[in-house]
Each structure stands twice: as C-alpha cells, then as structure tokens.
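Below is one structure, written out as structure tokens; comments come after it.
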Amino acid sequence: MNINIYLDGPPLLSNTSKNDSFNKPLLPKSNMHITCLTIGSRGDVQPYIALCKELQTEGHRCRIASHSEYQPWVEDHGIEFRSIGGDPGELMKLCVDNGFLSYSFVKDGSKFFYTWFDELLATAWEACQGTDLLIESPSAMVGVHMAEKLEIPYFRSMPFPWTRTTRFPHPFAVQNYTSGRLLYNDMTYVMIDIALWAGTSKAINRFRRKKLGLPHTTREKLELWGVPHIYSFSPSVVAMPPDWADFIHCTGYWFLDNPNTSWKPSTELLQFLGNTSPSTQQKDEEKKPIVYIGFGSIIVPDPNAMSIVIVEAVKQANVRAIVCKGWSSRRNDNDNQQGQQEDDDKIATAILQGHPDILSLDSVPHDWLFPQIQGVVHHGGAGTTAAGLRAGLPTVIKPFFGDQRFWGQRIEELGVGICIPKLTTDKLTEALIEITHNLVTISKAKALGATIQEENGLKKAVECIYRDIHLAKRGKE
Ligand SMILES: O=c1ccn([C@@H]2O[C@H](COP(=O)(O)OP(=O)(O)O[C@H]3O[C@H](CO)[C@@H](O)[C@H](O)[C@H]3O)[C@@H](O)[C@H]2O)c(=O)[nH]1
Ligand SMILES: CC(C)[C@@H](C)/C=C/[C@@H](C)[C@H]1CC[C@H]2C3=CC=C4C[C@@H](O)CC[C@]4(C)[C@H]3CC[C@]12C
C-alpha cells in the first residue's frame, strides 16, 4: 500500500506496509509545544508524565490533557494540564463489572458514554489549541480529527499493543491463547476497531461537520493513513511482530521514578522491611520472603472476601506481605451505597491488619519498594507488570479486564510467573509458594530484570518522535 494515498485522515488502526525512505533520526528545527491526550486510570497517565519530563529536558514544552483529578499530580511534575472531563472511577467500574466490550458493557456504557463523548470531543479540541504535536492513547479515540484540522503531526502511544498483527490477538480479546490462530488474532483488531467506530462515528462526524468544518469520514477512509505509533512496553517482554510497519515502534518502558514527589516511607514500613536498626534484623536464613500484593486502580466488587483470601494464602504460604488496598478506597457509587462502602473499607482494613505478617497500605511507590522484596501479586496493569519485571521479581497476575490477561499470559510464556484467572485461597497459596521458592522462575525473572534495566524506553521514544515526525504530519494535500 502506498502510504501517501489517503483520503480524509489517519486510521484508527494501521497495517500499512514497510516504508524505508527514512532511517535517520531528524532533529526538529525548533522547540515544540507537545500535547499528550489520554483517558483512563493512573497507568494511562503516568507513562506520559515520564515522556513529557524527557521531552522537556530536550527543550520542548509539554501538556497533558486528561481527567481533572490528575491535574495536581501532573502539575507537580512541572507539566501543563488541561481537563477533558469524564470520571476514571466510572470508566473503571464499567470495565470491571461488565467485562470488556461485552453486551452488558455496551448497554451500561452507553448510558454515560454518549453524554460524555460529546464533552470529550469539545474539551479535547480546546485542549489541543496552540500545540505543535499531538500524542494520543488510542482509547481516547478523538485526537486524530483534531490533528487533521490543526494540520499538526499526530502519534499514537499505548502501554500495550493496539496495532494489527497475526502474532497475538488484541490484548482486549485474549482467550486461552494457543499459537497458530493467525486469522483470529488479526480479526480481533478489526472487530474492536469496528465496534469503537460504530459507537462513536455519529458524534465524530457531527463534530467534524459542525465544529471542525471537515468532511464526513468513514472507518475505511481513516484506515489509509499510516499513523506512527510509539508503544511504551519492552521488546524483551513482547517481541515486535514482523508484520508491523516500521513506523510502529516499541521503545521499552517509560518509567517514572519517584512518582509522588512528597512521599516518604513511614517508620512502620521501614520496620516491616527490616531495614531500620541492624540489631532487630532477622538472620537471613530465618527471613520469610516478602511479597507485594496490590490491584492498582481496579475497583474490586467484594473487597472483604478478597482480603480474607489474601490473609489465608499469606499464612499458608508462610510469606510476609505488603498489601496495597487501593482497590477498596476508590469506589464512587451513588450516595446511599456510600456508607456501606465505607464500612466495607474498614472491614477490609481490619481483616488485613489483624495479621502480624501483613502490612496494609493505601499505596507505595513501586520503584522504591520492589527492589527490596522477593515477589509481586497484582492485576496485570501494564505499568505494574513493568515495575515488577524491572526489579527482577517473579510475578503472579490475577487479571480483571482489558489487557491484563495478555500480560498474565506473557509472564507465563516468559517463565517468570503465574497467571491465576480466579483468586482462591488455594490458587494464591500455590502461586505464592511457586514465586518465592522455584529457583528457575526466580533466576529467569532476575535475568529479565537485568535486560529491562539496560533499556532506555524514554530516550528511544524521543528518537522515534524525531524520526517519524514528518510521517506523522498529514495535512490536506
Ligand atoms: O501503589 C502504587 C500503585 C501503582 N504504582 C505505579 O503506578 C503505575 C500504574 O500502572 P498500571 O498498572 O499500568 O496502571 P493501572 O491504572 O492500575 O492499570 C490500568 O491502566 C493500564 C494501562 O493502560 C492497563 O494496562 C490496566 O489494565 C488498567 O487497569 C505503575 O507504574 C505502578 O508501578 C505505584 O508505584 N504504586
Ligand atoms: C458503545 C460504547 C459504549 C463504546 C463505543 C465505547 C467504549 C468506551 C467506553 C471504551 C472504549 C475503549 C475503552 C478503554 C480503553 C482502554 C482503557 C485503558 C484502561 O487502563 C482503563 C480503561 C480504558 C480507558 C477503557 C475505558 C472504556 C473505553 C474508553
């Protein structure tokens, strides 16, 4: 396919064939103003903070456009912020309660999505004003039209693959994957693309006509534009599929160290880790392994039941655990359920705190904690998976929705951990014993950690932006 042929703009997904007319990184003539547009939870924003900081050290000015609750955090890192409305808690609840892109997801999602989507289009348009380059997560779905109107370069980026390949299915459509399902893998990308376009095309075309003064577009027309992608995962965790065009990059992870600049470890945490006073430290051979257990931004339906499973498994596996119960403290249903949820929170905390080998916290910077412990159990968020693997830790993943099962399979295939689709006491106990005692898993995880530490995803991402910026700009010709 000739990438110079396109009609009304870039594609939702692209599988344009190789183009080798550009190989050298090109430096931009002057400093740019760059906007990153993203929706979702912490893991959808944090990599952009890291990228913006890197770009700012290069002399560019950066802005993040996302939900308003991230404003103080983003600004604290010296990055401009614009709000695009929407509530990440609501999105998260929709995903966990219904499973991804299921019938009930579409039914429940439509209720709030259609009002919010018009607001997203309007606020995203405002947020892109005065910028020279737009980088967008495909989940935000609107930036491509803004870039077309503004005639500015447009990149897509994501912490997990979202570009057509026969190598693996779209991470939202992972089944009990066996290799050789080339057609299924390829089709999943097309199906998701079709579903998202079906849900958004009416509002998008209305917005294009009324606000942007652009012609009507279709999924087919959009597919003709080869949008450069910069994926922020490690090629040692997901190898670059050979059927990706050479403007689809996989840069290595975008780590943000010291994410909460004012955070300090509590004495309780230091004591639990045994690194306060040397006299109180146990002898090495008496030490029980310490694991981290946390489910990130996931809003768990029954936090009390989950806490009981965790306490039992920690006891039976004879480990110590730092449990981050961020999952129960973030729910935001309607008012009459609020009291019940606060009670649930207290019960969940009490269950966890009743055991001397468990320390319960709301959250803790993984970049600080992980190098000091022996294993991790989490939901398989792309960023949390990255943090555990960088520290060389064997990993247990309990996936809830979206790309998490994909990461669960990857860590199993790499031999660095276990994926447990259902969290039961027996399964978790078994998995905890495995990750803290199986020497093969432990050494494979260590070796992968060393490889990831050698990578510099941020530097690579900046190089890719410079290299492909001329391809990313596709105004009307
Ligand atoms: O107590 C905490 C919690 C998180 N983190 C860090 O915060 C980031 C969170 O990233 P991630 O696991 O990707 O984010 P979540 O928001 O929990 O996950 C959502 O976003 C991800 C990126 O789109 C998806 O992969 C997941 O499926 C989705 O649930 C990572 O760097 C973690 O190391 C901490 O340092 N301390
Ligand atoms: C018919 C409607 C309901 C269809 C078109 C709309 C679906 C929306 C609600 C879906 C499409 C893609 C989804 C989406 C993609 C990726 C992520 C990253 C994850 O970390 C948090 C959830 C988040 C942000 C979800 C939220 C819900 C989204 C935005």
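Whatever order the structure lists ligands and atoms in, that order sets their numbers, starting from 1. In this text, all values refer to a predicted model and were calculated from it rather than measured experimentally.
- Where the criterion is an N or O separation shorter than 3.5 Å, residue side chain and backbone included, Gly383 meets it with respect to ligand 1.
- The heavy atom nearest to atom 12 (O) of ligand 1, considering only Leu369, Val45, Thr384, is found in Thr384.
- Between Trp263 and Trp368, the closest side-chain pair of non-hydrogen atoms falls below 4.5 Å.
- Between Gly43 and ligand 1, at least one pair of N/O atoms sits closer than 3.5 Å.
- Distance screen at 4.0 Å: atom 1 (C) of ligand 2 has a protein heavy-atom neighbour inside the cut-off.
- Cation-pi contact between Arg390 and Phe370: absent, since separation from the ring centre below 6.0 Å together with deviation from the ring axis within 45° is not met.
- For a threshold of 3.5 Å applied to N or O pairs, the pair formed by Gln404 and ligand 1 contains at least one separation below that value.
- Interface atoms of ligand 1 facing Asp403, defined by a heavy-atom separation under 4.0 Å, are 24 (C), 25 (O), 26 (C), 27 (O).
- Taking every non-hydrogen atom of Val364 and a distance limit under 4.0 Å, the qualifying atoms of ligand 1 come out as 1 (O), 2 (C), 34 (C), 35 (O), 36 (N).
- Looking at ligand 1, you won't find any N or O of Trp407 less than 3.5 Å from one of its N or O atoms.
- For atom 28 (C) of ligand 2, no protein non-hydrogen atom is found at a distance below 4.0 Å.
- Of the candidates Arg390, Gln46, Lys325, it is Gln46 that places a heavy atom closest to atom 8 (C) of ligand 1.
- Considering Ser41, Ala391, Ala382, Gly40 only, the shortest heavy-atom separation from atom 20 (O) of ligand 1 involves Ser41.
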